[in-house]
Amino acid sequence: MQFPDDPEAERAPSLVDTGALLRGLNPEQLAAVTLPAEPALILAGAGSGKTRVLTTRIAWLLQTGQVSPGGVMAVTFTNKAAKEMMTRLGAMLPVNVRGMWIGTFHGLCNRFLRAHWKQAGLSQTFQILDSGDSLSAVKRVIKAMNLDEERFVPKQVAWFIASCKEDGMRPGDVPVHDGQTQKMAEIYQAYQDQCEREGVVDFAELLLRTYELMRDDAMLREHYQRRFRHILVDEFQDTNRLQYLWLKMFAGPHTAVLAVGDDDQSIYAFRGAQVGNMSDFEREFRVKKVIKLERNYRSYGNILDAANALIAHNSRRLGKNLRTESGPGEPVRVQENASDFNEAQWVLEEAQQLHRGGMARHEIAILYRSNAQSRVIESALFNAGIPYRVYGGMRFFERAEIKHALAYLRLIENCHDDTSYLRVVNFPTRGIGARTLEQLQDAARQTGRSLWQSVGAVGGKGGANLAGFNALIDGMRNETQGLTLREIIEHMLHRSGLIDFYRTEKEGADRIENLEELVTAAEAFVTQEGFGKDAVALPVDELGPGSIAAPRSPDVPEAPAPVDLTPDAETGEIMSPLAAFLTHAALEAGDNQAQAGQDAIQLMTVHSAKGLEFDAVFITGLEEGLFPHENALSDADGLEEERRLMYVAITRARQRLYLSFSQTRMLHGQTRYNVKSRFLDELPESALKWLTPRTQGFGSGFARDYQAAWQRGSGLGSMVGAGRRNAGWQAPAEPPVPAAMKAAAAEAAGHGFKVGQSVFHAKFGEGVVVTLEGSGPDARAQVNFGRHGAKWLALSIAKLTPID
DNA sequence: TATAGTACATTTTTT
DNA sequence: ATGTACTATA
């Protein structure tokens, strides 16, 4: 699909020739790009050229001289989005993109706090905890407070603390209703004290600290509010409360905030995103101009018809309809499958056919609602020898061996980092057992000092080993003085014994490979950041007596990494390469699986597909209980978010869209009998093409499916085939099926058939009982005969033979 | 201290 | 079914 040129795209309020920049924008895009300098909201539909508008807007502001690079802030959620913005901007304009504040919320906060660490009450070398680090920190606090881990589940407490912070609450602000929350607030306080002591901050703290400093320091606030003439926020529908408050701090009376988002693509409520921020923004910032980008440049008409019809079932929308000028394209194909195994097989064959027809494998995506679904598909692809790539899973910097290596590096930087200390003090083992560590932690607790400082308090053999560990770290620190980052890491890997340890492990080869990869990553980081002989400090702003007028590198061809070499605002001091690398590792967890190179089919959850697009998309597992997920069905908001998720999935496809569901599916080691997703019923028939005959007996739509599912004893649309182990499901207060019908279903046991049972039919062959209804002469069964589809049979007439 | 066995949970995810 | 986290045992 091409972007047709717009001949009218030439008018800009400037003497500079901006024609090249604005050429090809449609009227709405042009209006968005050339908006006056005041708060505005852009409702950017999927595939409407949102990133292009954002980057062109910045380029246009710069080119027309309305703002200098230092006056622009652009915030994103992911490093990937930030990078892409910088790359595209760099391609549009020969500007030093590094002078601009383009980055993730967390990256920009880091930049801010590095410059103002003193005012923020942080240590100069503060390190950043990722979620795993912060969880183990919480665990230590709970232990130190002698609390019951059953009553205060570390995961939940960590979640509680993060949520408090994301609501802008300090321990003292927590509303206390009962003893439990009282205690939780106390844990929060203790956790906070511990972080303070260790010189570490968690992700939420980066934002909250920044917000508080801006709120409380009028000088600083006025400075930044004056500085940023333009703030652009990407994916605004994903902002949480704190991010919105944060934004309000940086936006001064003369700041033009441009919020870009799509309420229909809000799929992160579960992690605190507040779609309501969009309407709050419109009201509180007195937005005069709301621009809707509804023209879609990605997909053909049938795909958009499906998307529009589906999302129309949601209430509480800001309202938006996607349109295209590319024609209807091919119909959306729908496939019913007998089992998840068959579904995988079908997807695979269809994908192979597309590939043989000339479509690159990486242009084919297989999407699913939950990660567990990938397994069947993976094994099918694996057995067929088709290259594929799975997104998600362990990220590079989260791998155990990498975390171990980073812990050593962090101790070299800051030996009071107790989290890192505990992680590697006995890894590889050096005779320091649980007893010794217990004593060490007790001593540290009593004196309020770090573990490092408390080593002397432990006697005996354990104490000696602890002293040996401290000496090891000291030794590494001394020996790596003046070495390059690469040399530091290599030295540490050997000196710590990590390499030797993994050499003797049977599964160690991969881990050593990863550790080597760490060296490579550090090398790349150094090159990218411009460390080395002519390191260049970046200007933060013109604040303070010691501010630096930094020399600018004449040209920056490559996209810079999101971690900045931010100098201290007063002294101009910058971080050591090691410290900067550690920050980088915390803020950017790296790729999950760098199986780059090969042309492979892309497998991922619908969530991780957001923002991506493919020539062909398969949405699999469209079954009640799975998609929409059963856990989301308890309230209307949950269902609407599932529907938005489906909307996101549909709008990923450029040319071909396939929807599939399966009658049975292996989940948690048990077979579930599913009915097709209600979302399929919400799509317009005119846009669809059923590849399999529509199942008989399901003609009356969802209500019928629902009742059938109910009778089979499960919740909304699916049931567990054998056993009653998963007793978690609770019946809704008002069952939609009359009690008499349920009683009838119970009596039906007389005929001896069971759901899930294999049977043989003279004409249709082998099949599986999917549904049982009625009793006595009225007893009927829905049997799935695979190739012949599912049939409803009267048990008193049809001759069904059980197979075992 | 390492390994084997058991209990347990299992939507979605970025920083 | 499968992976993880924790406990019991050599």
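Numbers restart at 1 for each chain; the letters A, B, ... are given by sequence-line order, proteins then strands. Basis for what follows: all heavy atoms, side chains included, without hydrogens, waters or symmetry-related copies.
Look at NZ on Lys80(A): it is 14 Å from C1' on dT13(B), rounded to the nearest Å. The distance between atom CE of Met394(A) and atom P of dT14(B), rounded to the nearest whole Å, is 13 Å. Protein atom CD of Glu641(A) is 13 Å distant from nucleotide atom P of dT12(B), rounded to whole Å. When rounded to the nearest whole Å, the span between CG of Leu113(A) and C1' of dT15(B) equals 14 Å. For Phe501(A) and dA2(B), the CZ to P distance is 7 Å, given to the nearest whole Å. Distance, Leu367(A) CG to dT12(B) P: 14 Å, rounded to whole Å. The distance from atom CZ of Arg111(A) to atom P of dT15(B) is 18 Å, rounded to the nearest whole Å. The distance from atom CG of Leu242(A) to atom C1' of dT14(B) is 15 Å, rounded to the nearest whole Å.
Between Ala204(A) and His607(A), it is His607(A) whose nearest contact on DNA chain B lies nearer the 5' terminus. Residues Thr78(A) and Ala434(A) each lie close to DNA chain B; by heavy-atom proximity, the contact nearer the 5' end of the strand is made by Ala434(A).
Lys610(A) is listed as a side-chain neighbour of Asp238(A), based on a closest heavy-atom distance under 4.5 Å.
Counted by atom type alone, Thr429(A) and Asn426(A) present zero donor-acceptor pairs between their side chains at under 3.5 Å.
Every salt bridge (Lys or Arg N to Asp or Glu O under 4.0 Å) that Glu196(A) has, sequence neighbours left out, goes to Arg209(A). Residues passing the side chain to side chain contact (heavy atoms under 4.5 Å, CB included) test with Ala380(A) are Ala344(A), Gln345(A), Leu348(A), sequence neighbours excluded.
For Thr605(A) against dT11(B), no side-chain N or O and base N or O form a donor-acceptor pair under 3.5 Å.
Of the candidates dT10(B), dT15(B), dG3(C), dT10(B) carries the atom nearest the His668(A) side chain, counting heavy atoms from C-beta on. Side chain of Ser370(A), nearest nucleotide from dT15(B), dT13(B), dT12(B): dT12(B). Comparing dT13(B), dT11(B), dT15(B) against the side chain of Ser608(A) picks out dT13(B) as the nearest. Nearest nucleotide to the Asn426(A) side chain, out of dT1(B), dG3(C), dT14(B): dT1(B). Nearest to the side-chain atoms of Thr429(A) among the listed nucleotides dT14(B), dT11(B), dA2(B) stands dA2(B).
Judged by ring centres under 5.5 Å apart and planes tilted less than 30 degrees, His629(A) stacks against the six-membered base ring of dT11(B). Remark: ring of Phe270(A) overlaps the six-membered base ring of dT12(B) in a stacked fashion, centroids less than 5.5 Å apart, planes less than 30° apart.
Residue contacts for Asn240(A): at a heavy-atom cut-off of 4.0 Å it reaches no nucleic acid atom on any strand shown. Using a 4.0 Å heavy-atom distance criterion, Tyr268(A) is classed as a sugar-phosphate-only contact. Here Asp130(A) lies out of heavy-atom contact (under 4.0 Å) with every strand.
Regarding contacts with the backbone of dT10(B), every side-chain N or O of Asn371(A) stays at 4.0 angstrom or more from both OP1 and OP2. In terms of phosphate contacts, Arg395(A) brings a side-chain nitrogen or oxygen within less than 4.0 Å of OP1 or OP2 of dT15(B).
Around the CZ atom of Phe270(A), the shell of radius 6.0 Å holds more than 12 heavy atoms that belong to other residues, nucleotides or ligands.
Between Asp264(A) and the options Arg317(A), Arg644(A), Arg316(A), a salt bridge (Lys or Arg N to Asp or Glu O under 4.0 Å) holds for only Arg317(A).
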